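Predicted, not measured: the structure shown is a model, and the values here were computed from it.
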Amino acid sequence: MQTDPQAIEETMLRLATERGAGKTICPSEVARALGGPHSEGWGPLMQPVRRVAVRLAHEGRIAILRKGRPVDPDDFRGIYRLALPEADGESGAGSQSGM
């Protein structure tokens with residue numbers, strides 16, 4: 001089982017890129033890719049995956065979504081999905097970029 005944040009980051013970004021723009025991945029996909037198919041391997045990785053997702057969201061490198069909408073990385077609960085950030089101009093409604 002790999003809990004190295006760098007390995008989690010690389011796996012997360014690779015899976016999101018492979019899935020493509022406008023598509024999402026489940027955080028458990030990242031955990032399973034690193035910890036294997038059994039819950040004893042990937043289950044303990046869910047919190048480290050969440051921490052990396054929050055950091056990458058702050059850096060603008062990943063989007064955290066609930067019910068298809070971007071959420072505040074510091075204030076979300078429950079089931080979430082991960083995606084590549086939307087390109088500028090795609091949807092200004094969920095954007096938090098300041099001008």
Side-chain angles (χ1 to χ4, degrees):
M1 174 172 53
Q2 243 179 329
T3 59
D4 173 40
Q6 185 65 34
I8 294 171
E9 175 181 326
E10 290 170 4
T11 302
M12 185 179 297
L13 293 173
R14 177 180 54 81
L15 290 173
T17 301
E18 288 172 358
R19 187 68 44 95
K23 306 287 185 184
T24 64
I25 62 171
C26 181
S28 68
E29 291 178 64
V30 179
R32 283 181 173 98
L34 295 166
H38 299 291
S39 61
E40 299 84 27
W42 65 263
L45 292 173
M46 292 302 292
Q47 283 304 314
V49 165
R50 183 183 177 102
R51 285 192 293 272
V52 170
V54 167
R55 179 176 53 81
L56 291 177
H58 281 294
E59 294 172 4
R61 298 171 65 200
I62 204 85
I64 300 172
L65 308 171
R66 268 193 49 79
K67 299 182 181 178
R69 303 185 70 128
V71 298
D72 178 351
D74 294 322
D75 187 27
F76 69 98
R77 295 184 195 186
I79 297 170
Y80 65 100
R81 304 279 296 176
L82 302 169
L84 296 175
E86 289 186 10
D88 290 343
E90 285 278 321
S91 169
S95 177
Q96 294 182 346
S97 63
M99 291 184 76

> Considering all heavy atoms of both residues, which atom of Val30 and which atom of Met12 are nearest to each other, and what is their separation?
CG2-CA, 3.9 Å
> Just jot down the salt bridge (Lys or Arg N to Asp or Glu O under 4.0 Å) partners of Arg66, sequence neighbours excluded, or say none.
none
> Grab the two heavy atoms, one from Leu34 and one from Thr11, that are nearest each other, plus how far apart they are.
CD2-OG1, 3.4 Å
> Looking at residues at least two apart in the chain, or sitting in another chain, which of them share a side chain to side chain contact (heavy atoms under 4.5 Å, CB included) with Ile64?
Ala53, Val54, Ala57, Val71, Pro73, Phe76, Tyr80, Leu82
> Partners of Ser28 by side chain to side chain contact (heavy atoms under 4.5 Å, CB included), sequence neighbours excluded?
Cys26, Arg32, Trp42, Met46
> Please list all pairs passing the salt bridge (charged side-chain N to carboxylate O under 4.0 Å, His left out) test where one or both residues lie in residues 10-21, with sequence neighbours left out.
Arg14-Glu18, Arg19-Glu29
> Write down the atom of Leu45, the atom of Ala31, and the distance for their closest heavy-atom approach.
CD1-O, 3.5 Å
> Please name all residues satisfying side chain to side chain contact (heavy atoms under 4.5 Å, CB included) with Ala63, sequence neighbours left out, ordered by chain then number.
Leu65
> I need the minimum non-hydrogen distance between Ile8 and Pro48, along with the two atoms involved.
CD1-CB, 3.6 Å
> Taking only residues two or more places apart in sequence or in another chain, which ones pass salt bridge (Lys or Arg N to Asp or Glu O under 4.0 Å) with Arg61?
Glu9, Glu59
> How far apart are the closest heavy atoms of Ala33 and Leu15, and which atoms are they?
CB-CD1, 4.3 Å
> So which heavy atom on Ala83 is nearest to which on Thr24, and how close?
CB-CG2, 4.0 Å
